[in-house]
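This report refers to the structure that appears directly beneath it.
Source: prediction; values computed, not measured.
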Amino acid sequence: MPELPEVETTCRGIAPSLVGRRVERVVVRERRLRWPVPRGLEGRLTGRAITSVRRRAKYLLIGTEAGTLIAHLGMSGSLRVLDQDAPTIAHDHVDIVLDSGRCLRFNDPRRFGCLLWVEGDPTRHALLAGLGPEPLEEGFGGDYLWSRARGRRVAIKLFIMNAQVVVGVGNIYASEALFRAGIRPSTPACRVSRQRMQALAAAISDVLGEAIKVGGTTLRDYVNPDGLPGYFRQRLFVYERAGEPCRRCRTPIRQVVQGQRSTYYCPRCQQ
DNA sequence: ATGGGCACCTGGCTGC
DNA sequence: TGCAGCCAGGTGCCCA
């Protein structure tokens, strides 16, 4: 479920219920996530006040005076704020119970997500240290993308999905951004002109920004547990539309596989 | 350094 | 109805 807009929506949704609260206890029902939930996480968190909730790439950083909980939702994870005695369902792996009587509950059927603990500056953690710029912040743009693409022969779609280049561009929005920019996903990154990189960078920012906006109106202090949140699905131009007419030129949308993932594009609009 | 492929998991859907 | 096969919004790691 989670791409950047979903993670950002989660971040905004849970933050008001967390910041300023103290952790009363931590319940771990399943430690086997992508990496095991660290032994001792319970002890490190219990009694701590939560001072911040931030996002970096698709990682959520839940800060306390003692250290930071790094959370990633993987492909199927969610974080929701519930009453502490709300009945659990399958794959509710971890509860962080707050002094408000509510709890932050981590659910993840596929267990590709993770919960880790780091002391000191979380951005120096190995998972975060090498990440590229945020697509909605300073430092990201066409010139940047173009300069990073020198000598890179990977397909442009895989290039923009590489978190070392730019973070937060997942499989849906990669296809959508390339459609908006009119670029064929298989084009080698080094062969995309500077001008088209400008269009691509703008498309990436636009698509993600729009999706965040829609997610924000759908979700408040909870996290939508199902599928594409709310209303972005109907604004997709190509994703999961194989064989259907292009919304711009009516040519049937094509589906191909790149890097073991589905890519969708319009063969006419994207040359 | 780069690029390609695999791995980790469960669940939902399709088609026989 | 049952079951095999395929697909899924991520990303770290291993190998050539």
- Test the A:Arg150-A:Trp146 pair against the cation-pi criterion, namely NZ or CZ under 6.0 angstrom from the six-membered ring centroid and within 45° of the ring axis.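 Cation-pi check for A:Arg150 and A:Trp146: passes.
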
- Taking the six-membered ring of A:Phe237 (Phe, Tyr or Trp), confirm whether the NZ or CZ of A:Arg180 is under 6.0 Å from its centre and within 45° of its axis.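 Verdict for A:Phe237: no cation-pi partner in A:Arg180.
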
May I have the list of side-chain donor-acceptor pairs in residues 198-208 of chain A shorter than 3.5 Å, sequence neighbours left out?
{"residue": "A:Gln198", "atom": "NE2", "partner": "A:Asp143", "partner atom": "OD1", "Å": "2.8"}
{"residue": "A:Ser205", "atom": "OG", "partner": "A:Pro135", "partner atom": "O", "Å": "3.0"}
{"residue": "A:Ser205", "atom": "OG", "partner": "A:Ala201", "partner atom": "O", "Å": "3.1"}

OP1 or OP2 of [N] sitting under 4.0 Å from any side-chain N/O of [X]?
X: A:Tyr239; N: C:dG9; value: yes
X: A:Tyr59; N: C:dG12; value: yes
X: A:His91; N: B:dG11; value: yes
X: A:Arg34; N: C:dT11; value: no
X: A:His72; N: C:dT11; value: yes

What is the distance, to the nearest angstrom, from the [atom1] atom on [X] to the [atom2] atom on [N]?
X: A:Asp108; N: C:dG9; atom1: CG; atom2: P; result: 15 Å
X: A:Leu158; N: C:dG10; atom1: CG; atom2: C1'; result: 14 Å
X: A:Ile172; N: C:dC7; atom1: CD1; atom2: P; result: 17 Å

- No-H, no-angle donor-acceptor pair, A:Arg111 side chain to B:dC9 base, under 3.5 Å: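 No, the side chain and the base share no sub-3.5 Å donor-acceptor pair.
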
- Task: Answer yes or no: side-chain N or O of A:Arg110 and base N or O of C:dA8 forming a donor-acceptor pair under 3.5 Å.
- Result: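 Such a pair exists between side chain and base.
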
Sugar-phosphate only, base, or nothing, as touched by [X] at under 4.0 Å among non-hydrogen atoms:
X: A:Phe159; result: nothing
X: A:Leu73; result: nothing
X: A:Arg32; result: nothing

From the list [options], which nucleotide is the closest neighbour of the side chain of [X]?
X: A:Glu3; options: B:dT2, C:dG10, C:dG12; answer: C:dG10
X: A:Arg153; options: B:dG3, B:dT10, C:dG10; answer: B:dG3
X: A:Met75; options: C:dA8, C:dG12, B:dG4; answer: C:dA8
X: A:Arg261; options: C:dG12, C:dA8, C:dG9; answer: C:dG9

- Give a yes or no on whether a salt bridge exists between A:Glu6 and A:Lys58, defined as a side-chain N under 4.0 angstrom from a carboxylate O.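 Judged by the 4.0 Å cut-off on N to carboxylate O distance, A:Glu6 and A:Lys58 do not form a salt bridge.
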
- Please figure out whether A:Ser262 or A:Ala163 has its closest DNA chain C nucleotide nearer the 5' end.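 So the residue in question is A:Ser262.
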
- Query: Are A:Tyr239 and A:Phe232 near enough that their ring centres are under 6.0 Å apart?
  - Reply: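 Here the rings of A:Phe232 and A:Tyr239 have centres that are no less than 6.0 Å from each other.
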
- Message: Reading 5' to 3' and counting Watson-Crick or G-U wobble pairs with both distances under 3.5 Å, write the dot-bracket notation for DNA chain B, | for bases paired outside the strand.
- Response: .|||||||.|||||||

- Task: Check whether any side-chain N or O of A:Glu3 sits under 3.5 Å from a backbone N or O of A:Ile172 as a donor-acceptor pair, and report yes or no.
- Result: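 Looks like yes, one N/O pair under 3.5 Å.
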
- Message: Nearest heavy atom decides the nucleotide; on that basis, is A:Arg150 or A:Gln260 closer to the 5' end of DNA chain B?
- Response: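 Per heavy-atom nearest nucleotide, the more 5' residue is A:Arg150.
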
Atom pairs under 3.5 Å: protein N/O with N/O of nucleotides 12-14 of chain B:
none

With a 4.5 Å heavy-atom cut-off, do [X] and [Y] have their side chains touching?
X: A:Arg111; Y: A:Arg32; answer: yes
X: A:His72; Y: A:Leu60; answer: no
X: A:Ile70; Y: A:His125; answer: yes

- Message: If stacking means aromatic ring centre less than 5.5 angstrom from the base's six-membered ring centre, planes under 30°, is A:Phe112 stacked on B:dC8?
- Response: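 So A:Phe112 counts as stacking on the base.
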
- P-based separation of B:dC9 from C:dC3 [nearest Å]: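 Approximately 23 Å lies between the P atom of C:dC3 and that of B:dC9.
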
- Message: Quick check: is A:Leu104 connected to A:Leu41 through a chain of hydrophobic side chains (ILVMFWY, heavy atoms under 4.5 Å apart)?
- Response: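 Yes, same cluster.
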
